Amino acid sequence: VPLEKKVFEQTGRALLIKGDLDVALGWPWPRVHARQVSFANPAWAAQPHMLTADEVAFSIHLPQLLAQRLKVSELHLVKPLVFLQRHADGRKTWLLDQNQQNDNARIDIDRLTLDQGVIGYDDTAEKTSIRAELSTASAPAGSQSAAGVNFVARGKFKGLPLVAKGSGDSVLALLDESTPYGLAIDTTVGQTRIQAEGHVTSLMKFSAIDMQLALSGDNLNQLFVLTGIALPATRDYVAQGHLVRKGDTLRYDAFSGRVGSSDLVGWWQVKTGG
């Protein structure tokens, strides 16, 4: 298949399409639909394939493709298995140049939907290894709400054990900088438990956040691993409040809780710019 040959020439990795391949022409977004698809990882990766799926459907932006940038939208995957890995030397399996080091050689995915699948991510240098199972959740009978996606994840995050579960809107708006994405999550990382429900904008950047957030743990300074923000060492704590991010300001508003035997109420704010 000419497409498979071209991909191998550009990436050094095998693309196999064992089922039908259909293309619906259109400008600037032709639609591609393929069945029984696999795309190899580079030889150094722990898993042989970056992607296998029963079906793959997407629209591709032709002007970007002609400029050697791969931008896709409305990507739909049926029973995908996705394994992403970052090498200790900085190579990333999702970069499509021959050496997996050119950040411009990535696939920009705008909107993603799937029915069920598994996503894995490994980063040895960061002591991170996570496996997440995702599945489409049907809307309750008689409900006006749309179907969503459920997820369960396990593994390690920066050396700490991680267990997470939650749900989100059916369309994963990875790059959308304008539409809030509904998300509910209950996760434990190490001794820290995080329960949140609300909206985030841009799942790749978290450029805006508006969520009710409950936190509990043994020590506030353990949040540094998750946030990169240094907090003082404390006794055990619980807190519940409203987390909002706008621009470079992150604010935990109208929270109440306790640290050790001391009750606390108020607000907390940090600016990340500069």
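This is a predicted model, so every value here is computed, not measured.
- A 4.5 Å side-chain heavy-atom check between L160 and V225 finds at least one atom pair inside the cut-off.
- Residues L96 and F39 form a side-chain contact, since some pair of their non-hydrogen atoms from C-beta on lies under 4.5 Å apart.
- When side chains are defined from C-beta on, K18 does not count as touching S38, because their heavy atoms never get closer than 4.5 Å.
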(request) Go through H33 and E55 one step at a time and tell me if the side-chain contact (heavy atoms from CB on, under 4.5 Å) criterion holds. (result) CA-CA 7 Å; H33 183 253; E55 295 184 34; 2.9 Å; yes

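- Although no hydrogens or angles enter the test, the distance criterion places no donor-acceptor pair under 3.5 Å between the side chain of D169 and the main chain of G148.
- A donor-acceptor pair shorter than 3.5 Å cannot be found between the side chains of E74 and W29.
- Under a 4.0 Å N-O distance rule, the pair K71/D108 does not qualify as a salt bridge.
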(request) Verify salt bridge (Lys or Arg N to Asp or Glu O under 4.0 Å) between D22 and R35, making sure each step is shown before the conclusion. (result) CA-CA 9 Å; D22 301 311; R35 294 176 175 84; 3.8 Å; yes

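- Hydrophobic clustering, with ILVMFWY side chains joined whenever heavy atoms are under 4.5 angstrom apart, groups V7 together with I107.
- In the hydrophobic clustering of this structure, W268 does not group with F224; members are Ile, Leu, Val, Met, Phe, Trp, Tyr whose side-chain heavy atoms approach within less than 4.5 Å, directly or through other members.
- V259 and L226 fall within a single hydrophobic cluster, where Ile, Leu, Val, Met, Phe, Trp and Tyr are joined by side-chain heavy atoms under 4.5 Å apart, directly or via other members.
- For D122 and S129, the side-chain atoms include at least one donor-acceptor pair closer than 3.5 Å.
- With salt bridges taken as basic N to acidic carboxylate O contacts below 4.0 Å, none links K158 and D123.
- Of all the heavy atoms in S178 and P180, the pair that sits closest is O-CD, 3.5 Å.
- Residue L112 holds its CG atom at 9.5 Å from CG of L203, rounded to the nearest 0.5 Å.
- Among all heavy-atom pairs drawn from A34 and L21, the shortest one is CB-CD1, 3.8 Å.
- Using a 4.0 Å cut-off between a side-chain N of Lys or Arg and a carboxylate O of Asp or Glu, D103 and K92 qualify as a salt bridge.
- Linking Ile, Leu, Val, Met, Phe, Trp and Tyr whenever their side-chain heavy atoms come within less than 4.5 Å leaves L66 and F58 in two separate clusters.
- At least one side-chain heavy atom of L215 sits less than 4.5 Å from a side-chain heavy atom of L223.
- When atom types are taken as modelled, the side chain of Y237 and the backbone of G257 share no donor-acceptor pair closer than 3.5 angstrom.
- Here K246 contributes atom NZ and I209 contributes atom CD1; the two are 12.5 Å apart, rounded to the nearest 0.5 Å.
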(message) Before you tell me yes or no, could you show the steps for K271 and Q269 under side-chain contact (heavy atoms from CB on, under 4.5 Å), namely the whole-Å CA-CA distance, both residues' side-chain angles and the distance that decides it to 0.1 Å?
(response) CA-CA 7 Å; K271 289 192 174 184; Q269 177 173 293; 4.3 Å; yes

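- Atom CD of residue Q47 and atom CG of residue L81 lie 9.5 Å apart, to the nearest 0.5 angstrom.
- The closest donor-acceptor contact from the side chain of D54 to the backbone of K79 lies at 3.5 Å or more, if one exists at all.
- The structure places CD of Q240 at 7.0 Å from CD of Q212, a figure rounded to the nearest 0.5 Å.
- Of the inter-residue distances, the one linking Q85 atom CD with M50 atom CE reads 12.5 Å to the nearest 0.5 angstrom.
- Between D176 and K205 there is no salt bridge, since no side-chain N of the basic residue sits under 4.0 Å from a carboxylate O of the acidic one.
- Remark: the backbone N or O of V149 is not paired with any side-chain donor or acceptor of T136 at under 3.5 angstrom.
- Looking at heavy atoms from C-beta onward, I60 lies in side-chain contact with L65 at the 4.5 angstrom threshold.
- Proximity of a side-chain donor or acceptor of T188 to a complementary backbone N or O of R193 within less than 3.5 Å is not detected.
- The backbone N or O of V189 lies less than 3.5 Å from no partner atom in the side chain of Q191, so there is not a single donor-acceptor pair.
- Looking only at distances, a side-chain donor or acceptor of R13 sits under 3.5 Å from a matching main-chain atom of A40.
- With a 4.5 Å cut-off on side-chain heavy atoms, T93 and H87 do not count as touching.
- Here the side chains of L183 and F151 are in contact, with some heavy-atom distance below 4.5 Å.
- Inter-residue side-chain proximity for L51 and P80 is flagged as met; some heavy-atom pair is nearer than 4.5 Å.
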(message) Could you go through L15 and V37, starting from their C-alpha distance and side-chain angles, then the distance that decides it, and tell me whether this counts as side-chain contact (heavy atoms from CB on, under 4.5 Å)?
(response) CA-CA 7 Å; L15 169 69; V37 176; 4.0 Å; yes

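- When every heavy atom of S256 is checked against every heavy atom of V265, the shortest pair comes out as CB-CG1, 3.8 Å.
- One hydrophobic cluster holds both L213 and L231 under the rule that ILVMFWY side chains link at heavy-atom gaps under 4.5 Å.
- One N or O on the side chain of N41 and one on the backbone of H49 form a donor-acceptor pair closer than 3.5 Å.
- The shortest non-hydrogen separation linking S207 to E177 is OG-OE1, 2.9 Å.
- When only modelled atom types and interatomic distance are considered, R31 and S59 share a side-chain donor-acceptor pair under 3.5 Å.
- Between the side chain of E4 and the backbone N or O of I17, at least one donor-acceptor pair lies under 3.5 Å.
- The two residues T234 and L220 come nearest to each other via the heavy atoms OG1-N, 3.0 Å.
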(request) Show your reasoning for whether side-chain contact (heavy atoms from CB on, under 4.5 Å) applies to D236 and R258. (result) CA-CA 8 Å; D236 62 296; R258 64 163 181 82; 3.0 Å; yes

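- Here the shortest heavy-atom pairing between S73 and D110 reads OG-OD2, 3.6 Å.
- In this structure, the side chain of D97 engages the main chain of N102 through a donor-acceptor pair within 3.5 Å.
- One distance of note links CD of Q98 with OG1 of T11; it measures 6.5 Å at 0.5 Å rounding.
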